[in-house]
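Just passing along the structure, written as structure tokens.
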There are 2 protein chains.
Amino acid sequence: MTPKNYDCAAGCPVEATLDLIDGKWKGVILYHLCDGTMRFNQLRKALAGITQRMLTKQLRELEECGLIVRKVYAQVPPKVEYTLSAEGDSLRPVITALATWGQARLARVNADNAAVSAAAVERDAAEGADPYALHAA
Amino acid sequence: MTPKNYDCAAGCPVEATLDLIDGKWKGVILYHLCDGTMRFNQLRKALAGITQRMLTKQLRELEECGLIVRKVYAQVPPKVEYTLSAEGDSLRPVITALATWGQARLARVNADNAAVSAAAVERDAAEGADPYALHAA
DNA sequence: CTGTATCCCGGATGATACTG
DNA sequence: CAGTATCATCCGGGATACAG
């Protein structure tokens with residue numbers, strides 16, 4: 001996964017982790033796999049919006065990283081299950097941390113856009129920048 | 001940034017968080033800011049390899065997200081300090097989780113490539129794929 | 001059902017030069 | 001010191017069609 005060669009001073013363990021769960025879907029895939037084994041189409045539905053191509057690709061990368069295990073059942077129609085590997089399982093606390101914070105963040109953003117403005121104000125106070133809305137797209 | 005519009009089934013708090021720390025450097029920048037306030041060039045050195053352009057850009061995005069605060073001192077030569085905002089500070093546990101796991105991961109990969117092979121074997125046992133080394137670059 | 005194979009585009013990232 | 005401006009590039013990711 002696009003290995004980095006620059007040395008990040010005291011080492012970048014954060015970078016090491018982020019490199020594995022980058023991509024537009026890896027993190028979410030892992031998140032879903034935390035709930036247990038899932039089949040290809042099951043994941044596809046869970047990640048509504050992802051294309052087959054990408055799902056396959058991300059899954060393969062996750063597999064190469066040793067984070068998930070791909071189990072193919074020799075039968076027709078095909079059946080493939082994806083599960084967290086031991087390594088992937090050890091990632092649970094990280095995923096959880098990501099999820100927990102994300103939930104709080106989402107709640108904050110949805111419930112109170114004023115808070116965002118407040119942040120902008122705080123910034124203005126420091127430098128006198130112009131107050132433009134945050135990615136309120 | 002790059003807001004997502006698809007709905008990820010039961011909601012994707014993980015995605016929400018990851019969106020904020022995506023980019024090739026955001027996570028690491030945040031990581032370094034966990035150690036305290038830093039100036040532009042200080043960060044530049046810490047992230048050896050990043051270009052001015054990118055550092056500026058990532059910093060601006062982080063600022064717009066409300067994760068960091070940019071403080072400009074009206075003096076010459078210029079002096080700009082970046083610090084975690086309250087919001088950014090709340091992200092500490094996440095960054096820590098990322099760092100902690102990353103350290104273990106790095107140790108695992110460096111100390112024992114055999115372990116990686118083992119994972120490949122485990123995978124092979126399930127489907128009969130070819131055993132190629134992991135990004136052992 | 002679970003993938004592959006192609007084609008293609010836009011944005012993310014880099015290199016370099018210039019500036020208040 | 002801390003940026004901006006510009007140009008060039010790479011590749012992540014989407015659309016679509018086909019396959020075992």
Side-chain angles (χ1 to χ4, degrees), chain A residues 1-6 15 18-29 37-64 68-83 126-130 135 137, chain B residues 1-6 8 15 18-29 37-64 68-83 126-130 135:
Chain A
M1 321 337 4
T2 58
K4 305 295 164 48
N5 1 4
Y6 67 86
E15 185 82 40
L18 252 21
D19 272 358
L20 300 182
I21 60 178
D22 71 355
K24 200 170 174 179
W25 312 90
K26 300 231 195 91
V28 189
I29 290 177
T37 297
M38 289 187 106
R39 295 183 54 174
F40 190 82
N41 271 359
Q42 211 177 339
L43 275 168
R44 192 132 96 92
K45 270 174 276 180
L47 283 75
I50 193 173
T51 60
Q52 286 193 337
R53 183 186 129 79
M54 279 313 295
L55 181 52
T56 300
K57 193 181 170 193
Q58 307 279 297
L59 249 14
R60 287 292 186 284
E61 294 182 359
L62 249 16
E63 189 192 358
E64 287 181 11
I68 67 175
V69 176
R70 178 167 176 267
K71 182 164 189 178
V72 181
Y73 291 84
Q75 62 176 52
V76 46
K79 175 180 175 183
V80 181
E81 287 184 340
Y82 293 92
T83 320
E127 58 162 319
D130 56 338
H135 57 26
Chain B
M1 301 335 172
T2 58
K4 305 296 164 45
N5 0 5
Y6 65 87
C8 189
E15 185 82 40
L18 253 20
D19 272 358
L20 299 182
I21 60 178
D22 72 354
K24 200 170 173 178
W25 312 88
K26 300 232 192 89
V28 189
I29 292 176
T37 298
M38 287 187 109
R39 295 182 54 174
F40 190 83
N41 271 358
Q42 210 177 341
L43 275 168
R44 194 134 94 92
K45 270 174 277 182
L47 284 77
I50 193 172
T51 59
Q52 286 193 337
R53 184 185 131 78
M54 278 314 293
L55 180 52
T56 300
K57 194 183 172 194
Q58 306 279 298
L59 248 15
R60 286 292 186 287
E61 294 182 359
L62 249 15
E63 190 192 357
E64 287 181 10
I68 67 176
V69 176
R70 178 167 176 267
K71 183 165 189 178
V72 179
Y73 291 85
Q75 63 175 54
V76 44
K79 175 179 175 183
V80 182
E81 288 184 340
Y82 293 91
T83 320
E127 57 163 318
D130 56 337
H135 58 26

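Computed from heavy atoms alone, side chains included, the values below leave out hydrogens, waters and symmetry copies. The chains referred to below are lettered A, B, ... by the order of the sequence lines, with proteins before strands, and numbering in each begins at 1.
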Taking the side chain as every heavy atom from C-beta outward, state whether L43(B) and L59(B) have any atom pair closer than 4.5 Å. yes
For dG13(D) and K57(A) - does any side-chain N or O of the residue sit under 4.0 Å from the phosphate oxygens OP1/OP2? no
Just to confirm, is there a sub-4.0 Å distance from OP1 or OP2 of dT4(C) to any side-chain nitrogen or oxygen of R60(A)? yes
Can you find a side chain N or O atom of Y82(B) that sits less than 4.0 Å from OP1 or OP2 on dC1(D)? no
Which residue in the set Q58(A), E61(A), M38(A) passes side-chain contact (heavy atoms from CB on, under 4.5 Å) when paired with I29(A)? Q58(A)
Between P of dC1(D) and CG of L59(B), the distance in whole Å: 16 Å
Looking at Q58(B), does any N or O in its side chain come under 4.0 Å of the phosphate oxygens OP1/OP2 on dT13(C)? yes
Just checking P78(B): base, sugar-phosphate only, or nothing, at a heavy-atom cut-off of under 4.0 Å? base
At less than 3.5 Å, do the side-chain atoms of R53(B) and the base atoms of dT13(C) form a donor-acceptor pair? yes
Spacing of L55(A) atom CG relative to dG12(D) atom P, expressed in whole Å: 17 Å
CD-CG distance between E15(B) and L20(B), expressed to the nearest 0.5 angstrom: 10.5 Å
Could you give the CD1-to-C1' distance, from I50(A) to dT2(C), as a whole number of Å? 14 Å
Gap between atoms CG and P, on D22(A) and dC11(D) respectively (whole Å): 14 Å
Please report the distance, rounded to the nearest Å, between CD in Q52(B) and C1' in dT19(C). 11 Å
Rounded to whole angstroms, how far apart are CD on E61(B) and P on dG11(C)? 13 Å
Quickly work out the F40(B) CZ to dG3(D) P distance and round it to whole Å. 5 Å
For D22(B) and K26(B): C-alpha separation, side-chain torsions, deciding distance, then whether side chain to side chain contact (heavy atoms under 4.5 Å, CB included) applies. CA-CA 6 Å; D22(B) 72 354; K26(B) 300 232 192 89; 2.9 Å; yes
If each of M54(B) and P77(A) is mapped to the nucleotide of DNA chain C with the nearest heavy atom, which maps nearer the 5' terminus, i.e. the 5' end? P77(A)
What is the distance, rounded to the nearest whole Å, between atom CD of Q75(A) and atom P of dG3(C)? 13 Å
Audit row: V72(B), R70(B), side chain to side chain contact (heavy atoms under 4.5 Å, CB included) steps and yes/no: CA-CA 7 Å; V72(B) 179; R70(B) 178 167 176 267; 3.8 Å; yes
Nucleotide nearest R39(A) when distance is taken to its side chain, options dG14(D), dG3(D), dT2(C): dT2(C)
Candidate nucleotides dG14(C), dT2(C), dC1(D), ranked by approach to the side chain of K24(B) - the nearest: dG14(C)
Where the side chain of T51(B) is defined as all heavy atoms beyond and including C-beta, which of dG14(D), dA17(C), dG14(C) is the nearest nucleotide? dG14(C)
